[in-house]
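Here's the structure we're looking at; comments come further down.
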Amino acid sequence: MLRIEVGNPDTTTVRLALSGDLDFTSVSELSDLTLADGLHRLDVDLSGLDFIDSSGLAALIRLYHQAEEAHAVFQVTALTPYLRHLLHTTALDRLFRLPPA
Amino acid sequence: MLRIEVGNPDTTTVRLALSGDLDFTSVSELSDLTLADGLHRLDVDLSGLDFIDSSGLAALIRLYHQAEEAHAVFQVTALTPYLRHLLHTTALDRLFRLPPA
Amino acid sequence: MEATIALRLPRDAASVPLIRQMLDAALRSLGVVPDIRDDIELMLTEACSNVIKHADPSDEYTVSATVHNALCVIRVIDTGDGFDPHRLREAAPGAEGGRGVQIMRALADDVRFDNRREHGAIVCLEKRLSFLPDAPLKAG
Amino acid sequence: MEATIALRLPRDAASVPLIRQMLDAALRSLGVVPDIRDDIELMLTEACSNVIKHADPSDEYTVSATVHNALCVIRVIDTGDGFDPHRLREAAPGAEGGRGVQIMRALADDVRFDNRREHGAIVCLEKRLSFLPDAPLKAG
Ligand SMILES: Nc1ncnc2c1ncn2[C@@H]1O[C@H](COP(=O)(O)OP(=O)(O)O)[C@@H](O)[C@H]1O
Ligand SMILES: Nc1ncnc2c1ncn2[C@@H]1O[C@H](COP(=O)(O)OP(=O)(O)O)[C@@H](O)[C@H]1O
């Protein structure tokens, strides 16, 4: 089960808080999300995730590309040590420009 | 894991509250218990039990016999529906003189 | 869908909660209703504790559980001296022992005891399963 | 002690969380440390999702996991068209796909892909286990 909380701290910022399992079986819920025009900043809070697989990572990469296209800043926040390790394993820490641990 | 709480509401009454698993692997903790002399009443509260097997039932029968020998009143209290069903299945409801459900 | 769990275990009391917990977790994953899971935990515990208590001189035993077509079939196999199921007597009302087989017979939909003098006892327990409405797959 | 879980599953996405949960619960019962369980959940998920995504035209697949001597060996077997593991390329930095195999290789102690043209793919994943101090039995 994946839960997605969408927050709008201001009109040009979107904050997604994901919790539960982001995997092959649930990822479409995230992919189906459309981001409004005029986005300047997209924050994705992963602290509530219990599980993520390569399909979940692919969805994050897709969000990253959408933000890039909109010239918005993309940031993954609240990483657990496990997720940080996984993003490192898959070299996504560099793509997402994570600050060093 | 079995937990046993021993209460003495008055000097001639012992109240045992059992919780956790009362089975073949934990039953010796209950069998090792010795009841003080001058016992008039032994209450055994089973409401916290997650699991009981025939070895656990045997330990209850042993307590029942100890109480009988001491001419004390033995009572099983706070039965879950599952335990009531199991005591019925094994005819122990009659031995323990449970009131009808 | 068909699921099997099989364990080769030391004839050690600690093995009983282990297999009980493992099978219960598997049945929970499959969406089996709690009452049936409780019955299976107890049947299984009785069969395994009997191996620990009575199956001298074996030092290992095996447990397998298969779920298929909404039926759970459990086999507990030891290499002890076996026993004659026809010579079991019903437990006297106040007797402490002798309730394991009674419980298995009461809770299982089918119980079979099999015996080969040199190969120990085989206890086969069957239980029909019911599933929660949100059970994954049609585990049946 | 040796434990095996084996499932025959429909090639349906809902089967993936099921087997993941089942194996994780079994490893928890055995006292495997959480980090290793996390790695195994992920390796297993990658192998199974690949069957769902790529193993046309099979409609069932099997997963087995065996724990013995502190080693967990997982086999995911489908009857699809198979694939040539030597032709896999490393995923480009910004590519969305192609990370499943990379993850399996990173997390498993050993990964083997086997293929028979008419029999689909066999993915074999091995992971060395560590146990909590209070693990039951010597699951090792
Ligand atoms: N696996 C086994 N190997 C040998 N004997 C067994 C086995 N299982 C059961 N028995 C025999 O069946 C009898 C009845 O078992 P049970 O009803 O569980 O009561 P209890 O174990 O308290 O005696 C046991 O006393 C034992 O003689
Ligand atoms: N069970 C399988 N059957 C057929 N092809 C497979 C199987 N598993 C993997 N593959 C092939 O290996 C490729 C790489 O897999 P993977 O690294 O998981 O990335 P992705 O699934 O995102 O393509 C897949 O694109 C597919 O061609």
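Letters go in sequence order (proteins before strands), and every chain restarts at 1.
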- Task: May I have the step-by-step check of side-chain contact (heavy atoms from CB on, under 4.5 Å) for C:H68 and D:R8, ending in yes or no?
- Result: CA-CA 10 Å; C:H68 185 47; D:R8 195 158 49 77; 3.7 Å; yes
- Could you pull out the closest heavy-atom pair between D:S29 and C:L18, with the gap in Å? O-CD1, 3.3 Å
- Straight-line distance of C:I5 CD1 to D:T4 OG1, nearest 0.5 Å: 10.0 Å
